[in-house]
Amino acid sequence: MSEAFRAPPGTHDVLFPDSARWEAVIATFASLAHRAGYGLVVNPIFEDERVFVRGIGAGSDVASKEMYRFEDRGARRLALRPEGTASVVRAFVQHRPPAPWKAWYVTPAFRYERPQAGRYRQHHQIGVEAIGSGDPDLDTEVIALAWQFYVDVGLGGVNLRIGSMGDATCRPAFERALRSWLDANMSKLCNEHGVKAMANPLRVLDCKSEECRSATESAPSISEALCPGCAEHFKRVREGLDALEVPYVCDPRLVRGFDYYTRTTFELSSPYLDAAQNGVGGGGRYDGLVEALGGPPSPAVGFGIGIERLLLACEAEGSPARAARLVDVFVVDVVGGESARRWTHELRLAGIGADRAFDGRSLKAQMRLADRSGAEIAVIVGPEEKAAGKAAIRRLRGGGGDATIQELVDTATLVERVSVLLGDISVR
RNA sequence: GUGGCCGUAGCUCAGUUGGUUAGAGCGCCAGGUUGUGGCCCUGGAGGUCGGGGGUUCAAGUCCCCUCGGUCACCCCA
């Protein structure tokens with residue numbers, strides 16, 4: 001045997017039946033987004049690296065040291081997408097669909113970091129972007145959509161925090177005020193932020209250390225520095241959420257990692273996960289990003305949710321996983337396989353999930369596989385059935401005890417009979 | 001990038017102060033039941049003990065190096 005390869009660090013394979021939860025999560029999200037008028041958008045997984053750098057900010061950790069960058073044979077500087085929004089915005093700029101353009105996506109995202117629980121070099125995000133409207137009701141719609149999604153997948157326990165980061169009118173002044181306050185209070189901050197504070201002053205507010213927490217109690221608050229326009233916008237968003245009875249708390253310290261955010265930001269976290277990695281989704285408004293990527297000035301808002309984190313939270317919160325089953329019928333054929341080939345095909349054409357054994361296995365072995373497949377029904381064809389043009393239909397579960405129900409049917413009515421039986425079972 | 005912990009069968013793990021052919025449970029395959037799954041019983045396949053070097057009469061066990069995994073810091077989904 002030659003060397004057995006493994007998936008690269010920070011990446012992972014998801015096999016059935018674990019992947020069944022993925023299918024369910026994506027289907028739930030697709031349905032919700034679709035009902036709200038969001039259409040699927042599929043983007044390239046890599047872009048001109050500047051698409052990401054301009055959006056998330058050259059100074060951010062993600063852009064400065066966590067991107068997977070490479071040069072292709074045409075000497076283009078490319079990068080694997082570290083998040084979803086920038087690519088969707090680039091697509092808007094390129095194609096100019098009628099605004100507001102509402103799109104949803106599911107995509108891998110790549111960041112070169114040291115992997116640990118709940119953090120991967122390739123993780124997956126689902127999300128929506130709504131581009132071309134600054135209406136606060138759109139913020140409300142997007143946040144309510146995110147909230148409803150968690151409810152639908154069985155996570156009633158997530159916490160929603162919202163805040164406003166201001167805009168070009170009021171944020172620069174706030175940053176100046178904060179910066180000078182930090183200058184004066186440098187000694188009270190935790191070790192790391194003593195140094196880092198000047199590079200990105202807003203991040204200090206988001207620090208989890210006790211020193212920074214208590215020190216910044218008296219720091220200037222963005223909520224008091226908002227210009228009238230931003231304050232009004234934020235108020236309207238809160239009113240909208242109140243009206244829809246979406247539970248949230250205002251957090252003036254909420255600071256998101258990417259530079260493109262303006263006005264509304266929000267984050268969802270699970271109290272069942274460790275604090276360091278408890279963020280299960282987040283988003284906000286990014287009114288300047290479209291223009292930064294070469295489009296017309298277009299306000300926009302969106303959010304992204306990490307699928308792996310979401311599933312961790314589901315597990316931690318104990319939301320029940322439904323038993324994963326692929327097929328309803330298993331065809332057992334001990335006379336050569338011709339019947340297995342035919343009946344699996346016919347059943348599938350009739351819309352019934354069907355599987356079979358290969359490699360000419362014994363009856364016992366095939367029955368074992370039938371049981372393990374999770375199928376409700378085994379269709380059995382042996383020499384006697386074959387000669388008589390019939391097939392045995394055996395109930396594999398639910399029947400109760402040893403009194404297993406089995407019947408012999410003419411092959412002409414096989415598919416119909418199986419269909420009726422499955423109908424009865426699902427009704428029960 | 002920095003640090004802690006851990007590498008024995010597909011999985012979860014035993015393996016006594018170094019001492020014969022390295023074990024268990026689960027899973028897988030087959031048989032018990034020459035036409036019937038689950039439960040039970042029996043048997044089987046599957047391991048260069050992560051890799052390399054060293055100490056020793058003898059290394060899964062001790063030492064060094066290396067690779068890999070995992071958790072945490074940082075940051076984020």
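Here is the naming used below: chain letters follow the sequence lines, and residue numbers restart at 1 for every chain.
- Of the residues in residues 377-386 of chain A, those lying under 4.0 Å from RNA chain B by heavy-atom distance are I380(A), E384(A), E385(A).
- Comparing C75(B), G37(B), G69(B) against the side chain of E113(A) picks out C75(B) as the nearest.
- A heavy-atom distance below 4.5 Å is not found between the side chains of H233(A) and S164(A).
- For D274(A), whose side chain is taken as the heavy atoms from C-beta onward, the closest listed nucleotide among A72(B), G69(B), G38(B) is A72(B).
- With hydrogens and angles ignored, no donor-acceptor pair under 3.5 angstrom links the side chain of Q116(A) to the base of U70(B).
- The cationic group of R238(A) lies under 6.0 Å from the six-membered ring centre of F234(A) and within 45° of the ring axis, placing it in a cation-pi geometry.
- RNA chain B is contacted by no residue of residues 310-317 of chain A, taking any non-hydrogen atom closer than 4.0 Å.
- In this structure, A59(B) forms no base pair with any nucleotide, since neither Watson-Crick nor G-U wobble geometry is met with both distances under 3.5 Å.
- Surrounding CD of E315(A) are at most 12 heavy atoms belonging to other residues, nucleotides or ligands under 6.0 Å away.
- Considering only side-chain N and O atoms, R256(A) lies under 4.0 angstrom from the phosphate OP1 or OP2 of A77(B).
- A donor-acceptor contact under 3.5 angstrom links the side-chain atoms of D371(A) to the base of G37(B).
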Detail all sub-3.5 Å separations between protein N/O atoms and N/O atoms belonging to nucleotides 26-31 of chain B.
residue: C28(B); atom: OP1; partner: R372(A); partner atom: NE; Å: 3.1
residue: C28(B); atom: OP1; partner: R372(A); partner atom: NH1; Å: 3.0
residue: C29(B); atom: OP1; partner: R361(A); partner atom: NH2; Å: 2.9
residue: C29(B); atom: OP2; partner: R372(A); partner atom: NH1; Å: 3.4
residue: C29(B); atom: OP2; partner: R372(A); partner atom: NH2; Å: 3.2
residue: C29(B); atom: O3'; partner: R361(A); partner atom: NH1; Å: 3.4
residue: A30(B); atom: OP1; partner: R361(A); partner atom: NH1; Å: 3.2
residue: A30(B); atom: OP2; partner: R361(A); partner atom: NH1; Å: 3.4
residue: A30(B); atom: OP2; partner: R368(A); partner atom: NH2; Å: 2.9

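- Within the shown strands, G10(B) is the pairing partner of C26(B) under the Watson-Crick or G-U definition, both distances less than 3.5 Å.
- Residue pairs meeting the ring pair (Phe, Tyr, Trp, His ring centres under 6.0 Å) criterion with at least one partner in residues 109-131 of chain A, sequence neighbours excluded, are H12(A)-Y120(A), W22(A)-H124(A), Y68(A)-Y112(A).
- Applying the salt bridge (Lys or Arg N to Asp or Glu O under 4.0 Å) test to pairs two or more places apart or on separate chains, those with a residue in residues 352-375 of chain A are D371(A)-R397(A).
- Remark: C73(B) base-pairs with G1(B); criterion is Watson-Crick or G-U wobble with both hydrogen-bond distances under 3.5 Å.
- Spacing of C1' atoms, U48(B) relative to G25(B), comes out at 25 Å, to the nearest Å.
- The interatomic distance linking N278(A) (CG) with A77(B) (C1') rounds to 11 Å, in whole Å.
- Within a 6.0 Å radius of CD in E245(A), no more than 12 heavy atoms belonging to other residues, nucleotides or ligands are found.
- Across all strands shown, E308(A) has no heavy atoms under 4.0 Å from either base or sugar-phosphate atoms.
- Between Y261(A) and F258(A), the ring planes lie parallel to each other; the angle is under 30°, not in the 30° to 60° tilted range.
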Pairs under 3.5 angstrom, nitrogen or oxygen only, protein versus nucleotides 3-5 of chain B, please.
residue: G3(B); atom: O6; partner: R114(A); partner atom: NH2; Å: 3.2

